[in-house]
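Notes for the one structure printed next.
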Amino acid sequence: MSIEFHIEAKSGAARAGRLITPHGEIETPVFMPVGTLASVKGVSQDILEELGVRILLGNTYHLYLRPGVEQVRKLGGLHRFMAWPRAILTDSGGFQVFSLNELRKVTEEGVTFRSHLDGSSHFLSPENAMQAQIGLGADIIMAFDECTEYPADSARMRASMEMTLRWAERSKKYFEEHKNEVPWNGFHVGAAERSQALFGIVQGGMDLQLRKESAERTIGISFPGYAIGGLSVGEPRPLTREVVESTIEHLPADKPRYLMGVGTPEEIVAYAKLGIDMMDCVLPTRAARHGLLFTSDGKISIKQARYAGDDSALDPNCGCRVCQRYSRAYLRHLYAANEVLAQVLNTIHNLSFYLDTMRTVRHSILLGKETGSSCVQSEPKP
RNA sequence: GCGCUCGUGGUGUAAUGGGAGCACGUUAGCCUGUCCAGCUAAAAGGUGCGGGUUCGAGUCCCGCCGGGUCCA
């Protein structure tokens, strides 16, 4: 068994669990920082460890283009290459097919696309997406899916969902046939360490009936975990929640549930309460680099002139190394001066805030409390 | 002192005699499986000053003021 998942406590629909991977245990619900190019932009791996990050995201599409899967494989796999001893999940590249849509051509066989780096032509299919992810060696890898665009009509949503299901079967078939191949030349690691788990992805657009069907048929293929994809693609927030809430009901209770690409601090708390176990989002890291910081008192745009003389801590209720040491005035100065340190510190804080938020939710589930987090409010105080 | 040259938003600059634009900066907003130190928007000049030519002048002419520079 490549991974194990144990549920330790429940509170309403929410679960506190433990995900056991070849690279360590992960307490859920968990937020997974995004490190697309084998790097969480702005922060080093030792700081991520210090923050308590147990699992990171990597991206097959980006690593495939640069530095190349073969290069990473020769260097001992993604963990060794990026010097990250804990767990990694790689996204299959399905979402990039969606988000880079001007350059793509989707067929039953797979996707032909042009590199955003140099315009060169490439082909990604369920089979070679699996091959790439086996080569990278993440603990959890994702089926190659098609992220349905929004809005889409019902015919389009169904056709897209059906193709994702066929691609899921092909992904699993290829994975089962090749997962035991020793991928890393010259580096001798145990079979346990290189064993991987392949997760399926539920699609179906915003249609609840299609979501149900997608969930049931994806479960029919059988995966050790299930993701909800195709959300946060431009739809109204209440609709996102409605689809998640509805889809969760059709997912097995004893398998990890991963909601892809979500969300704000308020949203990750809400989804954890609905029974989501894993989430990832670029928001904390990207927003940090753009000067948007999340605090116990709501959002702060640190670039605003009002903070130029503010000597107080960024978030007085936050215990992170940034809030313990630096003032808002200093953080604002660093941002205005375009100092790299601004991105570093802002990212550390936002990740710390997200991780703390999830820890608080987990704690409250273990205590059986209905309310998840006292440190998150929906709006900043006036 | 003679000659030449240049004076345009905060800064740096652009505009065959015909709607004063761009960049940076400033201010605000956005960011949800990262093409992201990204994107959007707003405020900000009536062109050093005064006259003239012209239907029309940042642009041409004259004078003044200020900067640069060559010569002596």
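Quantities reported herein were computed from a predicted structural model and do not represent experimental measurements. First the proteins, then the strands, lettered A, B, ... as listed; each starts at 1. Values below: every heavy atom of this structure, side chains too, minus hydrogens, waters and symmetry copies.
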Considering residues at least two apart in sequence or located in another chain, which fulfil the side chain to side chain donor-acceptor pair (under 3.5 Å) criterion with A/His122? A/Tyr64, A/Ser120
Record whether the side chain of A/Thr285 comes under 3.5 Å of the base of B/U34 through a donor-acceptor pair of N or O atoms. yes
Would you mind telling me which residue lines up with the more 5' stretch of RNA chain B, A/Leu37 or A/Phe95, judged by nearest nucleotide? A/Phe95
Contact nearer the 5' end of RNA chain B, comparing A/Gln343 with A/Ser39: A/Ser39
I need the CG-P distance between A/Leu117 and B/C35, as an integer number of Å. 11 Å
Assign A/Glu235 to base, sugar-phosphate, or nothing according to its heavy-atom contacts below 4.0 angstrom with the strands shown. nothing
Sequence neighbours excluded, the answer for salt bridge (Lys or Arg N to Asp or Glu O under 4.0 Å) partners of A/Arg332 is none
Using the side chain to side chain donor-acceptor pair (under 3.5 Å) criterion, which residues pair with A/Gln131? Sequence neighbours excluded. none
Scan residues 82-98 of chain A for pairs that pass salt bridge (Lys or Arg N to Asp or Glu O under 4.0 Å), counting only residues two or more places apart or in two chains. A/Glu49-A/Arg86
Are A/Tyr354 and A/Phe31 close enough that their ring centres sit under 6.0 Å apart? yes
Kindly say whether the aromatic ring centers of A/Tyr61 and A/Phe113 come within a distance under 6.0 Å. yes
Please step through side chain to side chain donor-acceptor pair (under 3.5 Å) for the pair A/Ser160 and A/Glu146, ending with a clear verdict. CA-CA 7 Å; A/Ser160 178; A/Glu146 184 186 47; 2.7 Å; yes
Syn or anti for B/G46? Use the chi torsion, O4'-C1'-N9-C4 for purines and O4'-C1'-N1-C2 for pyrimidines, with syn inside 90° of 0. syn
Taking the C1' atom of each, how far is B/G7 from B/U13, in whole Å? 13 Å
Under 4.0 Å, counting only non-hydrogen atoms across every strand here, what does A/Gly230 touch: a base, just sugar-phosphate, or nothing? base
P-based separation of B/A41 from B/U5 [nearest Å]: 41 Å
Please enumerate all residues that pass side chain to side chain donor-acceptor pair (under 3.5 Å) together with A/Ser121, with sequence neighbours excluded. none
If you measure from the C1' atom in B/C31 to the same atom in B/U47, how many Å do you get, rounded? 39 Å
Between B/C35 atom C1' and A/Tyr61 atom OH, what is the distance in whole Å? 7 Å
Kindly list each side-chain donor-acceptor pair under 3.5 angstrom involving residues 284-291 of chain A, sequence neighbours excluded, with atom names and distances?
unit_1, atom_1, unit_2, atom_2, d
A/Thr285, OG1, A/Val282, O, 3.0
A/Arg289, NH1, A/Thr285, O, 3.2

Classify A/Ile201 by what it touches in the nucleic acid, base, sugar-phosphate, or nothing, heavy-atom distance under 4.0 Å. base
Between the base of B/C31 and the side chain of A/Arg286, is there a donor-acceptor distance below 3.5 Å? no
Please list all pairs passing the salt bridge (Lys or Arg N to Asp or Glu O under 4.0 Å) test where one or both residues lie in residues 317-328 of chain A, with sequence neighbours left out. A/Glu50-A/Arg321, A/Asp310-A/Arg328
Residues passing the side chain to side chain donor-acceptor pair (under 3.5 Å) test with A/Asp280, sequence neighbours excluded, are A/Tyr258
Tell me if the side-chain of A/Asp145 makes a donor-acceptor pair with the base of B/G33, cut-off 3.5 Å, by modelled atom types. yes
Let's see if you can work this out: which of B/G38, B/C35, B/G33 has an atom nearest to the side-chain heavy atoms of A/His290? B/G38
Extract the stems that RNA chain B is part of, considering only consecutive pairing runs of at least three Watson-Crick or G-U wobble pairs, both distances under 3.5 Å. B:3-7 with B:65-69, B:10-13 with B:21-24, B:26-30 with B:38-42, B:48-52 with B:60-64
For RNA chain B, what residues of residues 151-169 of chain A have any heavy atom nearer than 4.0 Å? none
Please give the distance between the C1' atoms of B/U53 and B/A14 as a whole number of Å. 26 Å
Distance in angstrom units between A/Asp91 CG and B/C35 C1', rounded: 15 Å
Describe the nucleic acid contact of A/Asp280 in one word from base, sugar-phosphate, nothing, applying a heavy-atom distance below 4.0 Å. sugar-phosphate
Check nucleotides 25-29 of chain B for protein N or O atoms closer than 3.5 Å to its own N or O atoms and list the pairs.
unit_1, atom_1, unit_2, atom_2, d
B/U27, OP1, A/Arg332, NH2, 3.1
B/A28, OP1, A/Ala305, N, 3.4
B/A28, OP2, A/Ala305, N, 3.3
B/G29, OP1, A/Gln304, NE2, 3.0
B/G29, OP2, A/Gln304, NE2, 2.7

Can you identify which nucleotide, out of B/G33, B/C35, B/U34, has its nearest atom closest to the A/His116 side chain? B/C35
If you compare every side-chain N and O of A/Asn59 against the phosphate oxygens of B/G33 (OP1, OP2), does one of them come in below 4.0 Å? no
What integer number of Å spans the C1' atoms of B/A28 and B/A43? 10 Å
May I have all residue pairs that pass salt bridge (Lys or Arg N to Asp or Glu O under 4.0 Å) and include part of residues 25-39 of chain A, sequence neighbours excluded? A/Arg18-A/Glu25, A/Arg18-A/Glu27, A/Glu27-A/Arg362
